[in-house]
Amino acid sequence: MKKLMSAGLGLLMASTAAVSHAEDVKIGMITTLSGGGSHLGVDVRDGFMLAMEQADRDNVQVLIQDDARRPDVAKNLANEFIQRENVDILTGIVWSNLAMAVVPSAVRKGTFYLSPNAGPSELAGRLCHENYFNVAWQNDNLHEAMGVHMEKDNVKKPFILAPNYPAGTDGLAGFKRYYKGELAGELYTKLGQTDYAAELAQIRASDAESIYFFLPGGMGISFMKQYQSAGLDLPVYGPAFSFDEIILGAVGDASVGVKNTSQWTHDLENPTNRAFVDSFSKKHGRVPTLYASQGFDTANLILSALDEAHPDDQAAFRKALKAAKFDSVRGDFRFGRNNHPIQDIYVREVVAGDGKPTNRLVGVAVEDIQDAYVEQCKL
Amino acid sequence: MTSLDSTQQSRAKSRPLPAFTREQWVSLILLAGLALAASVAHFAGEPYFVDLASRIAIIALAGVGLNLALGFGGLVSFGHAAFFGLGGYTVSVGAFHAFNMTPILGIDFLPAGSDQMVPLWITAMSVCGVVAWLIGRISLGTSGVYFIMITLAFAQMIYYFAVSWPAYGGEDGLPIYIRNQFYGLDTTNSLVFFGLSFALLLLALGFCQRIMAARFGAALTMARLNPVRLATAGVEPRPIKQVAFVISGMITGLAGALYADLNGFVGPSMLSWHQSGEIMVIVILGGVGRLCGPLAGAILIVLMETFLGGLTEHWQFFLGLIILMVVLFAPGGVMGLLAGRARHA
Amino acid sequence: MTLSLILEQLLNGIQLGTMLFLMASGLTLVFGVMGLINLAHGSFYMTGAFVTAWVAGATGSFWLGLASGALAAAATGAIVEVLVVRRLYRRDHLDQVLATFALILIFSEGTRWLYGSSPLWLNVPESLTGSVTLPGGVSYSIYRLAIILMGVVVAVGLYLMISKTRLGMRIRAGENDREMIGALGVDISTLYTLIFALGAGLAGLAGATIGALQTVQVGMGEPVLILAFVVIVIGGIGSIKGALIGSLLVGVVDTLGRILLPDFFKLFMDASDAAGVGAALASMLIYLLMAIILAFKPHGLFAAND
């Protein structure tokens, strides 16, 4: 024990001796690399690091730590990065509840935070901050886009379901914000539930003509597999979170034909995206997911802003971020007043691919969508 | 039994060897070491390590609470996360309403929360005391594995309630945007916050030492070792256990309250069965039924998390291995290794 | 709510109960005979699912995968028993909880190390896809029916084994008097390894069959483990009969609660709120059931010994 303590003290002394170089920029990445849902964090990291390697700057240092999807761990890591490493920029968090634990106090301490995935409503509205930039989407965006699409396509009587937690209820609220038709039913399931037999029976017993569901991660895999063997044959819709390339591999053919909304897709035609998908696939041996694309965009946005200013010059760096002068893999990209994206959202369809199903772009769901919370933001 | 009050310490000085046992020395060194490490870190300009020391003190405090039920009372509770989480939620709900200036629970005649630590702590302990009393009433009728499982069941109930009740964040949890206040002190200063946590840890240790040295402690020990004999002596074991369980829940709840302010955040994970397991690991790793065992366990776990986590992505694998080795080959825990076997097993 | 919907939900409840029984029977046997409380039982469930997904992916045969999954789980169980668990029988519950908690960490992180963090791909075999129409107009998934059938076979098999075979006799003897059967010259450590491996194999079988319906991912065993503990506590620890009845009770109550509670609250709330409150209460329901049963019967419904 005493030995451990003195080792701790020794390390403490060593770290104070290290003086950071003024020109250098330190980026702290906190993301989920272990535990449930870690494929999201792994892809955010791999996308981000791909952009960093391609830029090959020797004055940018990226520190990566695993939050194990636990808010208290994430919070500790953020403190460690800010207090001990003096990072200029934080990024990487995948989950909204972790972002809510870390972001409000981090940005108030003068650190920049760029979100590569989570977009909780509070951070877009009441708690928006000049140092907080969301490079992915506000959480409701993909749901809203599907609401628009289904309304436009005249899809009738959807049965909608989501887990009983804030992102789930917000998601369905976002969907209903734009879908005005009649619903066949509305269900909230237990978070982390893996058996949907009871829900599927209810859907069959209702007069539903379509299904809209938001069940991220493993929950979506279970749902789709059980949906296939339940003998139901209704058109299925959802946000991209249940249909990334890794989940499609696990679900298999059950997901073919499903339509989902995403702000990015791997067959989107623009030179930046083609180069990104090629180099990512070559390096990692897998097709990138939307999370990888968001990590890639986040890194490129940071790099573009670093060309203009050092984060120590907060006002100039903030301005450079807000200008968003970088080539996004999604094509057009700009920030709204609350530093959340205004962007197009696409509709993709799952098709039988080469060995495993994959997404194919079928159209635009909605153009230039902005989040519903911008009015509450006082920026 | 470790002694912390000054009368016994001064007696130790006049009688050099026998009064101060090896366990007491180890405890003293651990406590002094923690306080010293925090102060050195503060003056070296490393608030991160001060926060780490606060974390150790708070987790140790949660362990001290559980140790009273588990170590001294033999009540193997696998649901102490319920108290840890409730303590945390009380503080953050109070702070949430103080921040928004709305009445608690949305009920008009209730006060608009508070951002003062002391009333929040008292509320947290009261809430945990009431809940522990209720859980104890039902659970203490069972014993052995059934007690382990029924305490787990109650914690799971509260966990699912927190996950699905939207008013206070549900699964997303509830952040505390500004750390709560303690009279004139600057609580955002890491060392001040460490001082508060450390003082409460000392208080709790002193309190446990006192009640275990008193008649209550003797009765509780007997209720664990030989309840029949206690009953024949005219003392009902169940009320004794009930009181120990309530105090235990209140101390763990206080730790939860501090933990919420340290992290600036509470979430349902504070109520999860993994959290119960972790508090239990700290107590057992440190040494069951040793006054400062939870402190030793907390130091070991936090240091391992910090340094193993820096070495490998798969640190939990090695953490598991280490815990397993301790259980198999060092059954007395860290205190058993450092201070020899307990006097009364 | 139609009768056929209720019938279908009952079947769903029974199917969940069957799966819980596969988990709970091993847990309760290990506790009844060896007095061990094993938190790491969910890890065997996970092992079964991962090996099945891996073998089925490599060979293309679900059945080969299923067999190797169950066997691998049993083998893992045997190894764990010999290396670790054997040393815990004489320890108190506290040490057992802590050591098996450590095993969970080792298994979960080790599995992630081996297979990576992405979920694996395992599909329902071709011959069992689709659904059939049962009498009463209920359309039901063939695969889920097969799971129920498998549960019946396992339950009958366990009953026959325990009441008719020499191994079963020893198990019963071990439940009644642990010291005695050692004194009678039975090779007790082999018996213990066998029982532990049997329990692990059943958990592996459960994980493998459920893996095809749900997600094969790290941590998949933990929610099931907690449910299985609820089952054996309700049923009475050590009792196979208690495990069977507890499993069906928990399966049916959980499933029907999820359906009926939101509808119940719709009687006096608006639909959105009712769905939320109903779902919240439904997720607490089985723990409530357990607390109520233990409050009145502190040793469960069919206490074997304690």
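This structure is a prediction, so every number in the text was calculated from the model and none was measured. Below, chain A is the first sequence line, B the second, and so on; all start at residue 1.
Between the NZ atom in C/Lys297 and the OG1 atom in B/Thr142 there is a gap of 15.0 Å [rounded to 0.5 Å]. The CZ atom of B/Phe161 sits 10.5 Å away from atom OG of C/Ser283, with the distance rounded to the nearest 0.5 Å. Taking OG of B/Ser143 as the reference point, atom NE2 of C/His299 lies at 5.0 Å (rounded to 0.5 Å).
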Discussion item. Show, in sequence, the C-alpha distance, side-chain angles and deciding distance for B/Val288 and C/Leu94, and conclude whether the side chain to side chain contact (heavy atoms under 4.5 Å, CB included) test is met.
Written reply: CA-CA 9 Å; B/Val288 179; C/Leu94 211 55; 3.7 Å; yes
Item to complete: Would you check, one step at a time, whether the test side chain to side chain contact (heavy atoms under 4.5 Å, CB included) holds for C/Arg91 with B/Val327?
Response: CA-CA 10 Å; C/Arg91 302 285 190 82; B/Val327 185; 4.0 Å; yes
Item to complete: Test side chain to side chain contact (heavy atoms under 4.5 Å, CB included) on B/Ile158 and C/Met284 and set out the steps.
Response: CA-CA 8 Å; B/Ile158 297 174; C/Met284 295 162 67; over 6 Å; no
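For B/Phe318, the part sitting under 4.5 Å from any heavy atom of chain C is the side chain, from C-beta outward, and nothing else. For C/Leu88, the part lying under 4.5 angstrom from a heavy atom of chain B is the side chain only. Interface remark: B/Ile148 contributes side-chain atoms only to the contact with chain C (heavy atom separation under 4.5 Å). If you measure heavy-atom distances from C/Ile104 to chain B, the contacts under 4.5 Å come from the side chain alone. With a 4.5 Å cut-off on non-hydrogen atoms, C/Val97 touches chain B through its side chain but not through its backbone. With a 4.5 angstrom heavy-atom cutoff, B/Phe154 touches chain C only via side-chain atoms. When heavy atoms are compared at a cutoff of 4.5 Å, C/Val230 does not approach chain B at all. If you measure heavy-atom distances from C/Ile226 to chain B, the contacts under 4.5 Å come from the side chain alone.
Between chain C and the options B/Leu70, B/Leu152, B/Ile284, the largest number of non-hydrogen pairs under 4.5 Å is found for B/Ile284. In terms of non-hydrogen atom pairs under 4.5 Å with chain C, the most contact-rich of B/Leu328, B/Ile138, B/Leu321, B/Val76 is B/Leu328. Between chain C and the options B/His314, B/Met325, B/Gln316, heavy-atom pairs under 4.5 Å are most frequent for B/His314.
Annotation for C/Ile37 and B/Met149: closest pair CD1-CE, 3.7 Å, computed over non-hydrogen atoms. Closest non-hydrogen pair, C/Pro298 versus B/Gly141, comes out as CB-O, 3.7 Å. Closest approach of C/Leu98 to B/Leu285, counting heavy atoms only: CD2-N, 4.5 Å. Nearest heavy-atom pair, B/Met157 versus C/Ala291, reported as atom, atom and distance to 0.1 Å: CE-CB, 4.0 Å. Residues C/Ala102 and B/Leu324 approach most closely at CB-N, 3.8 Å, considering heavy atoms. The shortest heavy-atom contact between B/Glu278 and C/Phe101 is N-CZ, 4.3 Å.
For CZ of B/Arg238, the number of neighbouring non-hydrogen atoms (other residues, nucleotides, ligands) closer than 6.0 Å is greater than 12. Within 6.0 Å of the CH2 atom in B/Trp273, the count of heavy atoms belonging to other residues, nucleotides or ligands exceeds 12. No more than 12 heavy atoms of other residues, nucleotides or ligands lie within 6.0 Å of CZ in C/Phe296, so this atom counts as exposed by the packing criterion.
Aromatic ring orientation, B/Tyr160 versus C/Tyr287: parallel (interplanar angle below 30°, classes split at 30° and 60°).
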